[in-house]
Every structure is written in structure tokens, then in C-alpha cells.
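Data block below; observations after.
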Amino acid sequence: MLGESDAGKSYLAKAIGIKACNRYNVGYFHSEELLESMVALKEQDYDKYARKMKKYLKWELIILDDFLLHTITDEREIKILFELLEKRNEQRKSTIVCSQRDPDNWKAMILNDEVSANSIMKRATKHYTIKINTR
């Protein structure tokens, strides 16, 4: 879901998530916080990290809000984001990303690494893109 700040992306994603909670396991995260906490956990206790990642991969829906709001300069965060999106795609699990940035601008937000950015962009926008325009 793409759109300017206050366009209603998070509201719509949360509404979908709340409705999905009636039948499915759903997770909602601010992207930056999720990546930072997963990097720290991976460094402190790899087994806990692996269990948490496995849990996230089991959930039928994950919502990643404020996706690429800030530049990712930590290669470890890029690897975790790629792993999460790649494995969820492989398992045909639903992921909603909410971003204020157009996917064409994501390349500059990922360590200026065009290859990683393209890989993440393809996985994050694989099926549908919803653009919310404000009045």
C-alpha cells in the first residue's frame, strides 16, 4: 500500500489485519523496529532468532508498516528483510507493506545497493499494489 503520510495506509492495513484475526494468525510491525530487534536477537541468541523467524513465517498475514521510511544502512537488516520476504513468498503467505515511498525510490533507501533493492522490491510488490491518493 502506497501513499502520502496520513493517506490511510496504516488504517486500511490494520482494518484488514483485524478482520483477518478472526480466522488467521496476524502480525503487525513497524518495519524499522522489527528489523532492529531481529538483528539484535540474531546476534544475542541465534536459536531464539530462528524460532521467532519460524513463527513469523507461519503466520498467514504480516503487516510491515512504515516500510523503508528511513534508509537501511545495516547489511544485516537487509538480509533479514530479504529472508523474511523471500520465505513468505515461497510459502505463499500474505504480507502487506505500507510505504510513503514509491517502489522506484526504494533502491536509494537500501544501502544504495540496487541488487538488494530490486530483490526486495520484487518480493514486496509481487502481486498487488494499492496506491492511496489524498484529496
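Values below: all heavy atoms of this structure, side chains included; hydrogens, waters and symmetry mates excluded. One is the number of the first residue; the rest follow in order along the sequence. Just so we're clear, the structure is a prediction, and the values are computed from it rather than from any experiment.
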- Message: For the backbone of Leu85 and the side chain of Asn89, can you confirm whether one donor and one acceptor N or O come within less than 3.5 Å of each other?
- Response: yes

- Ignoring hydrogens and geometry, is there a side-chain-to-backbone donor-acceptor pair from Ser99 to Arg101 under 3.5 Å? yes

- Item | From CD1 (Ile78) to CE (Met109), nearest 0.5 Å | 11.0 Å

- Ile18 side, atom CD1; Ile63 side, atom CD1 - distance, nearest 0.5 Å: 8.5 Å

- Go through the structure and list residues passing salt bridge (Lys or Arg N to Asp or Glu O under 4.0 Å) with Lys87, not counting sequence neighbours. Glu83

- Query: When the ring planes of Tyr56 and Trp59 are compared, do they come out parallel, tilted or perpendicular, using 30° and 60° as the limits?
  - Reply: tilted

- Is it true that atom CD of Glu4 has more than 12 heavy atoms of other residues, nucleotides or ligands lying nearer than 6.0 Å? no

- Give the C-alpha distance, both sets of side-chain angles, the deciding distance and a yes or no for side-chain contact (heavy atoms from CB on, under 4.5 Å) between Met53 and Leu84. CA-CA 8 Å; Met53 181 63 82; Leu84 180 66; 3.8 Å; yes

- Message: Counting only heavy atoms not in Lys52 (residues, nucleotides, ligands), do more than 12 fall under 6.0 Å from its NZ?
- Response: no

- Message: How about NZ on Lys93, more than 12 heavy atoms from neighbouring residues, nucleotides or ligands closer than 6.0 Å, or not?
- Response: yes

- Query: CG of Asp6: more than 12 outside heavy atoms within 6.0 angstrom?
  - Reply: no

- Is Lys9 reaching over with its side chain to a backbone N or O of Lys131, donor-acceptor style, under 3.5 angstrom? no

- When rounded to the nearest 0.5 angstrom, what is the spacing between CG in Leu64 and CD1 in Ile96? 9.5 Å

- Mind listing the closest non-hydrogen atom pair of Gly17 and Leu61 along with its distance? CA-CD2, 4.0 Å

- To the nearest 0.5 Å, how far apart are CE in Met38 and CD in Glu77? 11.5 Å

- Item | Spatial distance of atom NE2 (His70) from atom OG (Ser31) [nearest 0.5 Å] | 11.5 Å

- Task: Enter the distance from Leu68:CG to Ile110:CD1 here, rounded to the nearest 0.5 Å.
- Result: 5.0 Å

- Could you please spell out the steps behind the side-chain contact (heavy atoms from CB on, under 4.5 Å) verdict for Leu57 and Arg88? CA-CA 6 Å; Leu57 296 173; Arg88 289 188 62 76; 3.6 Å; yes

- Item | Sidechain-backbone polar pair: Asp66 side chain, Leu69 backbone, donor-acceptor under 3.5 Å | no

- Message: Please find the pair of heavy atoms, one from Cys98 and one from Ala13, that lie closest to each other, and give the distance.
- Response: SG-CB, 3.5 Å

